[in-house]
Every structure is written in structure tokens, then in C-alpha cells.
Amino acid sequence: MNDVLKNDELKAHLSPETVLAQLKQHGVTHVVWLPDSETNWLYLLMKAEPSLTLVAVPREGLACAVAAGLASGGAVPVILIQNTGLMESGDSIRGWLFGFEVPVVFIVGMRGWNRHGPRTADTSSQYTEPFLNAFRINYYMVESDADAPRITLAFNEAKKTRHPVAVLVGDEYHGFLR
Amino acid sequence: MFHTEDFLKAFKPHRGDAIVVPGRGGKHWVRISDQPDLDLPLGDPAMGGHAAFAFGLALAQPKRKVVLFDSEGDLQMALGILLTIAEHKPENFYHFVLDNECYATTGGQPVPNAKNVDYAMLAKGAGYPRTYSFTELDAASAALPEILGKPGPVFVTMKVHADIENKPITERVRWRTKTWVQVVADLQRKLGIAA
């Protein structure tokens with residue numbers, strides 16, 4: 001019974017394999033990242049993927065400048081961080097990403113997000129969308145594997161506009177349910 | 001302590017075909033360099049990001065040397081990047097720091113603990129395999145063949161005189177002649193990178 005529930009629950013969530021497939025589909029070469037709450041399974045998948053180089057940073061704003069350098073040199077970076085770190089990165093987003101017209105996708109774990117119940121006590125998600133709107137960064141919420149095409153939309157929009165675009169992972173990855 | 005411009009002149013013959021990110025030395029380097037398409041004079045996109053940017057460039061272009069002239073104020077804002085660079089150990093990355101002990105572009109106010117920071121020790125502790133410190137131009141210039149002749153990453157900190165600017169920004173001489181986007185486009189064209 002527990003196994004059935006677990007499998008049904010997994011189907012309703014965004015799987016790390018789906019995210020990895022999207023990264024490969026869009027030619028990502030480098031994942032510049034700082035772990036969020038539930039991405040350990042994705043980390044293990046990315047680490048085992050020979051086409052990806054993982055670049056861990058100790059503070060999220062640094063990821064923007066690293067990504068700008070990578071893109072300037074012809075690589076294809078993606079930035080994988082938590083919403084708290086996104087907000088920490090404000091001036092770097094302005095200067096290094098918008099300033100250099102870097103077509104990068106942020107994949108952002110939405111800490112504090114809860115679609116179905118009352119607001120959580122964690123305020124992180126309450127500030128995330130206003131932050132993105134203030135910076136005029138378009139974003140797509142994804143909550144299950146069925147939303148995967150929205151990740152493709154984000155990559156395509158970033159390339160077309162030469163601006164950063166965000167993918168908000170509404171229920172995180174649930175990697176630890178494995 | 002020596003002048004940044006004098007060191008950059010000494011560096012020029014050793015440059016080869018390296019990409020140069022001149023950082024706060026940019027206003028001198030744009031007059032000294034004879035390979036402007038391989039230069040990335042950026043001014044100040046967002047302070048604290050020069051080392052991260054140049055490191056990303058080095059990862060993307062592993063077969064070409066990337067030389068960064070960082071500043072201690074910029075580095076102080078982002079000391080953590082030393083850990084990331086040291087983890088990846090890009091052999092083509094040459095990290096020079098122009099330490100003038102102050103925020104020269106805002107009037108010369110001292111950076112935190114300006115006269116007592118050993119940046120080379122910080123880099124060594126972060127995991128850079130080679131570090132150097134110089135206070136004299138002759139010694140710094142003489143070491144360039146060794147510094148650039150061996151694989152990176154290498155960290156070189158130098159005490160330089162501050163080029164303090166105290167005029168309102170609107171009254172300052174603009175030394176950047178290209179936008180950030182133009183600078184990168186020129187580099188990519190030079191390197192044969194499709195935009």
C-alpha cells in the first residue's frame with residue numbers, strides 16, 4: 001500500500017530525470033548551482049552525466065557572473081538555485097545577466113511554496129514572484145512531469161529574448177522519496 | 001608599491017594570445033593593449049563578479065589562457081569564489097589582484113582591514129596551488145615568465161598605488177569605448193564562437 005501511494009505521489013511531482021532530460025535537450029554544458037532543499041537526487045544524476053560540468057558556488061550571486069563568463073566563452077550554462085538565493089542575487093542579475101544579455105535559464109526551487117494548503121510559515125515564496133516581476137524576469141511554474149514542456153518554453157524564450165528566464169519548481173523534486 | 005600602468009606595460013610582452021580581463025586596470029590597459037578583440041574591459045557590471053566572470057570564461061575556453069586583473073575591493077565582496085576556482089583548478093586561469101587598499105573610484109576610502117590582509121594566504125588556503133605576492137615592480141615583472149609559463153590556476157597579489165577618482169561620475173573621463181555586449185561580441189568573433 002505504501003509503495004502504491006509512493007508511486008502515485010511521485011507521478012504527481014517533477015522528477016529529476018525530467019529536469020535532466022530538459023538540460024540535455026537544450027544543450028546545457030554547465031550547471032552553476034548551489035543546492036536547495038530537495039535536489040540531492042538530481043545532483044547525483046547530474047554528477048553521473050558526462051555532458052554536464054557542475055560548478056558549485058558558495059553564494060548565489062556569484063552564479064550570475066560565472067554564467068556570464070561561460071556564455072561569453074561559448075558555453076551553455078543553467079543556474080540551479082533556491083528562491084532565497086535568487087533574491088540574494090539581485091545586483092548580479094542586473095549587471096552580469098541583463099547587462100551582458102545572457103540567455104540563461106534559472107531553475108529555482110520554490111522554498112515555502114504550497115499550492116493546496118494554507119500559506120506556510122516560510123516567507124521565501126511570498127517574495128519570489130514580486131522579485132521576478134520587479135526585475136522583469138519572465139517565469140514558468142512547474143509542479144509535475146506534465147509541466148516539462150514549460151521548461152522548453154523557458155529555454156526557447158531565453159534564447160529569443162537574450163534575457164534570463166526562470167523556471168519555478170513549485171513542489172521541488174522530492175528526490176529523497178526514492 | 002608601484003603603478004598599475006607600469007606593471008601592465010611589463011605584462012604586455014608576455015601576453016601571447018591570452019584573453020585579458022583587465023578589471024580596474026582597464027583604463028590603462030585599453031591604451032596599452034594591441035589586441036583589443038581579446039580584451040574584456042568591463043568597468044563595473046556589478047561589483048564582486050570579476051573573478052567569477054573570468055573563471056567562467058576560462059572554463060568555457062580551456063585551451064586559451066585567461067588573465068584577470070582583479071582588485072582587492074572586488075575580491076573582498078566575493079571571497080567565496082576562490083573556493084570554486086580552486087576546486088576546478090583551471091590550468092588556463094591566471095588571477096592577478098591589484099591591491100590599492102582602498103575603493104579608488106569612490107574617493108579612496110579604505111577597504112576593510114586594508115593594510116593587514118594577506119590575499120595570497122587566503123587564496124592558498126582556498127586551494128590555489130601557486131600564489132605570489134609582490135610589492136616591487138622589478139620583482140613582479142621579473143617573475144612574469146615563471147608565473148605565466150606554468151599551468152594555472154595561479155594567484156598573484158600586488159601592492160599598487162591608488163588611482164583615486166573624486167569627481168562626480170558625470171565629470172569623469174570615460175575610458176570604455178564599447179558596451180559589454182559589443183566587447184563580448186568582438187571576443188566571440190575573434191574566437192570563432194557563433195553568437
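Bear in mind that the values here come from a model prediction, so they are computed numbers and not experimental data. Chain identifiers are assigned alphabetically (A, B, ...) following the order of the sequence lines, protein sequences preceding nucleic acid strands; residue numbering begins at 1 within each chain.
When each of B:Ala58, B:Gly48, B:Ala185, B:Gly56 is checked for heavy-atom pairs under 4.5 Å with chain A, B:Gly56 comes out on top. Interface check for chain B: of the options A:Cys64, A:Gly74, A:Ala63, A:Ala71, the most heavy-atom pairs under 4.5 Å are formed by A:Gly74. Between chain B and the options A:Ile93, A:Leu70, A:Asp91, heavy-atom pairs under 4.5 Å are most frequent for A:Leu70.
Residue B:Leu42 touches chain A through its side chain alone, counting heavy-atom pairs closer than 4.5 Å. Interface remark: A:Leu54 contributes backbone atoms only to the contact with chain B (heavy atom separation under 4.5 Å). For A:Thr53, the part sitting under 4.5 Å from any heavy atom of chain B is the side chain, from C-beta outward, and nothing else. In this structure, no portion of A:Arg59 lies under 4.5 Å from any heavy atom of chain B.
Linking Ile, Leu, Val, Met, Phe, Trp and Tyr whenever their side-chain heavy atoms come within less than 4.5 Å leaves B:Val181 and A:Val102 in two separate clusters. The hydrophobic clustering, which links ILVMFWY residues whose side-chain heavy atoms are closer than 4.5 Å, places A:Leu44 and A:Val31 together. Residues A:Leu153 and A:Val19 are members of separate hydrophobic clusters, defined by side-chain heavy-atom contacts under 4.5 angstrom among Ile, Leu, Val, Met, Phe, Trp and Tyr. A single hydrophobic cluster is seen to contain both A:Leu14 and A:Val78, as judged by linkage of ILVMFWY side chains at heavy-atom distances under 4.5 Å, directly or through other members. Residues B:Val20 and B:Val183 fall into different hydrophobic clusters, defined by Ile, Leu, Val, Met, Phe, Trp and Tyr side chains chained together at heavy-atom separations under 4.5 Å.
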Can you list, pair by pair, the side-chain donor-acceptor contacts under 3.5 Å of residues 30-38 of chain B, counting residues two or more places apart and other chains?
from	atom 1	to	atom 2	distance (Å)
B:Arg31	NH1	B:Glu5	OE2	3.3
B:Arg31	NH2	B:His28	ND1	3.3
B:Ser33	OG	B:Arg15	NH1	3.1
B:Ser33	OG	B:Gln35	N	3.1
B:Ser33	OG	B:Asp39	OD2	2.5
B:Gln35	NE2	B:Gly16	O	2.9

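Of all residues in residues 153-168 of chain B, none places a non-hydrogen atom less than 4.5 angstrom from a non-hydrogen atom of chain A. Within residues 114-144 of chain B, no residue approaches chain A closer than 4.5 Å by heavy atoms. Using non-hydrogen atoms only and a strict 4.5 Å limit, the part of residues 70-102 of chain B facing chain A consists of B:Ala78, B:Gly80, B:Ile81, B:Thr84, B:Glu87, B:His88.
Within 6.0 Å of OH on A:Tyr140 lie more than 12 heavy atoms contributed by other residues, nucleotides or ligands. Within 6.0 Å of atom NZ in B:Lys190, 12 or fewer heavy atoms from other residues, nucleotides or ligands are found, so the atom counts as exposed in its surroundings.
Counting all heavy atoms, side chain and backbone alike, B:Ala52 lies closest to A:Ala65 at CB-CB, 3.6 Å. The nearest pair of heavy atoms linking B:Leu187 to A:Ser72 is CD2-O, 4.3 Å. Across all their heavy atoms, A:Ala75 and B:Ala60 have their closest contact at CB-CB, 3.9 Å.
Without hydrogens or angle criteria, A:Trp96 side chain to B:Phe53 main chain gives no donor-acceptor distance under 3.5 Å.
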